S.K.: 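Okay, handing you the structure first.
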Amino acid sequence: MFRSLLIANRGEIACRVAETAKLLGIRTIAVYSDADRTAKHVAACDEAVRIGPAPARESYLKIEAILAAAKASGAEAIHPGYGFLSENADFAEACAKAGIVFVGPPADAIRAMGLKDAAKAIAEKAGVPIVPGYHGHLQDAEFLAGEAARIGFPVLIKAVAGGGGKGMRRVDKAGDFAAALAGAQREAEAAFGNPAVLVEKYVAAPRHIEIQIFGDTHGNVVHLFERDCSLQRRHQKVIEEAPAPGMSEGLRAAMGEAAVTVAKAVGYVGAGTVEFIVDGSEGLEDAAFYFMEMNTRLQVEHRVTEEITYTDLVAWQLCVAAGERLPMAHGVFDRRPIAAPAQSMMSPSGHAIEVRLCAEDTENGFLPSTGRFDRLLIPSTGRLREDFGALEGHTITPYYDPLFGKVIAHGDTREVALQQLRTWLSRFEAIGVKTNAAFLLRCLEHPAFIAGKFDTHFIERHLDALIAPDDAAARTAEALAVLAVLIDRRKESGGDPWDLRDGFRIGGVPGAEDVAFVGLGAQARPIENGFAVTLRSGSSLAAPHPEVPGPRLSRAAAQPPQDEGRASKDAGEERRVAILGGRLAGGTITAEIDGRKVTGGAIVGPEDVRVAVGPRSFRFALAASHVLDEAGVGGGRAITAPMPGRVVQILVKPGDAVTRGQPLGVLEAMKMEHTLRAPGDAVVASVAAQAGDQVGEGAVLIAFEEE
Ligand code: ADP
Ligand code: ADP
Ligand code: MG
């Protein structure tokens with residue numbers, strides 16, 4: 001076994017690889033870009049080497065910089081994680097040339113599976129079914145449109161060099177084909193430097209079911225059963241589980257065998273995943289399955305397989321890379337060599353489910369969210385696996401992808417695993433970065449998902465319900481926000497932090513106090529051990545109040561607030577709550593509200609109060625600062641870049657009349673393209689950016705004429 005390992009990655013996967021390396025006593029070396037100097041993965045390793053500036057191209061994707069770091073630190077092997085250089089055959093070769101072991105398959109196998117069209121040809125030749133389509137080299141738009149018509153709509157256009165759901169477009173009718181093709185080619189060229197695409201039949205009621213395979217250098221290849229990754233958004237996995245709900249023994253055996261056949265066809269060594277698309281329209285019993293692609297690396301969702309097979313796949317990778325025989329069903333501490341590893345020795349046990357936590361604004365088109373985790377409460381139950389790449393106080397930058405953590409539950413049954421995850425998610429809190437946690441919880445609560453009745457359209461089909469606001473949480477948040485302000489005022493006036501268990505009086509004189517947020521006013525009247533609070537939604541109480549901290553000039557109120565407005569959608573509504581026994585310490589706020597104990601997160605700032613109620617976060621702008629903004633600070637009518645990125649396209653010119661929702665341009669950031677849409681009907685006054693421009697957050701891209 002190696003004595004030292006450089007981990008050429010970041011975030012949760014770098015931390016996860018380091019965890020196993022440490023169990024094996026291996027010295028770990030992290031690499032980091034300037035954006036990651038204080039990142040979790042840097043602290044998780046024994047040593048760390050800077051490899052360059054923030055952009056991945058200049059750091060995590062820079063082969064020379066990584067090899068130099070490996071040499072400088074004396075690393076014997078390099079684990080590439082997933083993404084970045086993990087499927088880069090040139091990197092695997094460069095490692096070998098430098099005398100360093102690449103923990104992954106041979107370069108030839110990576111190359112063979114690197115392009116989707118070539119991979120399909122290999123599968124087909126090996127007798128494994130592939131989706132009907134055109135996988136040839138001709139790229140002429142008219143020819144491809146003809147092929148699409150021949151295949152029959154709906155079809156899927158895929159970048160042959162694609163990955164991460166990029167360069168992919170579903171086309172439902174002939175009229176949409178040309179535009180979709182152009183979009184896919186543009187995205188493919190930008191992301192992979194290769195615009196080539198293939199066109200294939202879009203499978204009905206698609207289930208994404210993949211097989212984990214493992215090979216060693218002694219010619220053994222086994223599979224470790226399936227994972228169902230059908231819960232996807234824009235062709236990207238969101239929730240994964242094993243076994244696949246409804247899986248039959250027969251289909252599992254057939255798919256497992258097909259996966260091993262494909263792996264053997266390319267002399268595969270190490271961890272790999274063979275992805276299949278399964279037609280689930282008639283259930284899985286005798287379903288047709290088709291080879292989609294092979295990922296020649298460790299997968300994000302590998303933990304799900306580890307849970308049901310009691311294995312450590314990173315330990316397996318390291319053993320295989322060190323030349324050992326497949327350790328089969330043995331864990332990290334039990335790697336007795338087995339003369340002839342046999343598939344029959346493997347058996348799945350229980351049910352595992354993983355959710356991917358991403359920094360994204362689910363209510364705003366899943367736009368990636370950047371910022372600092374001013375609060376990040378990662379519940380620790382001791383029963384689930386929590387793989388995180390960030391901690392409280394860490395910043396999500398726009399440079400890398402939005403996945404910051406994943407949580408994996410394993411139970412005897414699917415029901416138990418689901419229950420564990422739901423409870424975990426309902427306790428998770430984040431403030432400062434928007435996350436998809438509440439959305440994930442909604443997915444796990446959905447009756448169709450619970451019943452195991454879903455395909456890859458599940459999220460799209462139920463989107464409205466999955467992103468709908470939660471009124472009960474909003475009401476709790478309102479009360480907690482008012483309470484947080486009251487507590488904060490007492491701290492400011494030099495008093496002890498308010499602790500109502502000890503009783504409470506305002507300077508001995510009972511009197512009413514007002515708290516005014518934008519769209520929400522509250523009057524708090526002291527009662528024994530607390531307050532009787534009257535909350536009033538709507539504008540009438542939202543006037544600036546002298547007791548409100550500030551006023552200060554702020555950008556905050558001009559930015560779209562997290563859930564503001566939603567929290568008080570019924571204008572003019574009035575309600576009363578009794579808040580007893582309150583405490584705010586270390587960002588945690590507790591109180592008894594209407595006879596119910598409530599705990600959340602709260603951060604009181606000069607311009608706002610941010611509250612987390614479980615996985616939902618809310619922002620309440622203090623009224624005084626907002627009024628200044630309305631008076632002209634930052635209130636111009638313009639489209640600004642929601643995050644730093646590259647302008648891909650501008651679709652309008654000065655003088656154009658646009659309607660609400662109309663696409664105005666495309667910005668690429670955090671590996672995704674984002675369509676910028678008109679916030680209302682307007683006339684374009686000027687365009688301040690053009691295709692190719694790098695723009696900073698808040699940069700004005702398009703300005704509109706005043707009404
Ligand atoms: P998995 O199948 O392991 O879930 P994903 O498709 O979600 O893989 O990709 C894993 C990670 O690697 C994601 O962060 C994704 O953005 C990134 N990724 C995948 N393919 C590529 C690629 N070709 N180039 C760059 N990043 C990629
Ligand atoms: P990537 O490299 O981006 O992972 P894949 O070829 O694995 O690309 O496809 C990504 C996803 O797109 C799949 O998980 C599946 O949900 C969907 N998909 C791919 N091919 C088809 C198809 N022929 N019919 C229906 N859905 C498909
Ligand atoms: Mg895939």
Side-chain angles (χ1 to χ4, degrees), residues 82-84 86-88 110 113-124 128-135 147-148 151-172 180 183-184 187-188 190-192 194 196-213 226-241 244 255 259 262 271-281 287-302 354 356 401 403 454-461 671-673:
Y82 54 68
F84 295 131
S86 60
E87 294 181 273
N88 186 317
I110 300 178
M113 291 296 173
L115 296 179
K116 291 187 201 294
D117 50 352
K120 280 177 208 271
I122 292 169
E124 193 171 28
V128 171
I130 61 168
V131 187
Y134 177 74
H135 306 120
E147 284 301 299
I151 296 161
F153 291 96
V155 298
L156 194 62
I157 304 173
K158 276 188 195 180
V160 302
K166 297 190 80 173
M168 197 175 289
R169 297 282 192 284
R170 175 185 156 166
V171 191
D172 292 321
E187 207 170 293
F192 316 112
N194 178 354
V197 298
L198 57 84
V199 183
E200 65 186 27
K201 180 80 192 155
Y202 192 86
V203 171
R207 290 273 292 269
H208 173 120
I209 300 180
E210 60 187 30
I211 305 282
Q212 174 73 53
I213 64 101
E226 80 280 7
R227 290 183 291 252
D228 190 326
C229 311
S230 300
L231 245 77
Q232 303 187 344
R233 212 195 124 255
R234 291 171 73 179
H235 308 302
Q236 298 215 62
K237 299 161 189 170
V238 177
I239 297 177
E240 303 102 332
E241 61 183 300
M255 291 180 70
V262 169
T273 294
V274 180
E275 295 189 334
F276 295 95
I277 194 87
V278 180
D279 180 347
S281 49
F289 63 89
Y290 308 96
F291 170 88
M292 259 192 314
E293 65 164 344
M294 179 167 187
N295 292 327
T296 52
R297 56 173 160 89
L298 190 70
Q299 208 98 335
V300 173
E301 61 275 17
H302 72 282
E354 167 181 284
R356 295 191 187 195
D401 88 44
L403 178 83
F454 55 84
D455 58 30
T456 61
H457 302 304
F458 175 87
I459 288 175
E460 189 186 316
R461 191 178 294 134
K671 297 182 166 184
M672 296 295 291
E673 285 194 354

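Hydrogens, waters and symmetry mates play no part in the numbers below; they use all other heavy atoms, side chains included. Small disclaimer: the values here were computed from a predicted structure and weren't measured. Ligands are counted one by one from 1 in listed order, and the atoms in each one are counted from 1 as well.
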S.K.: Got an N/O contact under 3.5 Å between H235 and ligand 2?
M.R.: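 In this structure, H235 places an N or O atom under 3.5 Å from an N or O of ligand 2.
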S.K.: Quick one, F291 and V262 - any side-chain contact, counting heavy atoms below 4.5 Å?
M.R.: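 Yes, close enough: below the 4.5 Å cut-off.
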S.K.: Taking all non-hydrogen atoms of both residues into account, name the closest pair between Y134 and I151 and its distance.
M.R.: N-CD1, 3.8 Å
S.K.: Taking 2.8 Å as the cut-off, does an N/O/S atom of E210 lie below it from the Mg ion (ligand 3)?
M.R.: no
S.K.: Restricting to N, O or S atoms, which atom of E275 is closest to the Mg ion (ligand 3)?
M.R.: OE1
S.K.: Does M168 have a non-hydrogen atom less than 4.0 Å from ligand 2?
M.R.: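 Yes; M168 lies near enough to ligand 2 that a heavy-atom distance drops under 4.0 Å.
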S.K.: If you take the centroid of each ring, where Trp contributes its six-membered ring, are F458 and H208 closer together than 6.0 Å?
M.R.: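 Distance test on ring centres: not under 6.0 Å, no.
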S.K.: Nearest heavy atom to atom 6 (O) of ligand 2 wins, so pick from K158, M292, E293.
M.R.: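 It is K158 that holds the nearest heavy atom.
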S.K.: For G165 and ligand 2, does the shortest N/O to N/O distance drop below 3.5 Å?
M.R.: yes
S.K.: Please compare D455, V160, T273, L156 and report which has the shortest non-hydrogen distance to atom 18 (N) of ligand 2.
M.R.: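 Minimum heavy-atom distance to atom 18 (N) of ligand 2 goes to L156.
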S.K.: Out of curiosity, L115 CG to H135 NE2, how far, rounded to the nearest 0.5 Å?
M.R.: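 L115 CG to H135 NE2: 13.0 Å, rounded to 0.5 Å.
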S.K.: Are any of the side-chain heavy atoms of K237 and V300 separated by less than 4.5 Å?
M.R.: no
S.K.: Restricting to N, O or S atoms of E293, which is nearest to the Mg ion (ligand 3)?
M.R.: OE2
S.K.: Does ligand 2 have any atom sitting under 4.0 Å from a heavy atom of K116?
M.R.: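 Contact present.
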S.K.: Do the side chains of P154 and D172 get nearer than 4.5 Å, heavy atoms only?
M.R.: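 Counting from C-beta outward, D172 and P154 do come under 4.5 Å.
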S.K.: Backbone, side chain, both or neither: what part of Q236 comes under 4.0 angstrom of ligand 2, heavy atoms only?
M.R.: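 For Q236, there is no contact with ligand 2 at all, from either part.
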S.K.: Could E87 and R297 be called an ion pair, given the rule that one side-chain N must be under 4.0 Å from one carboxylate O?
M.R.: yes
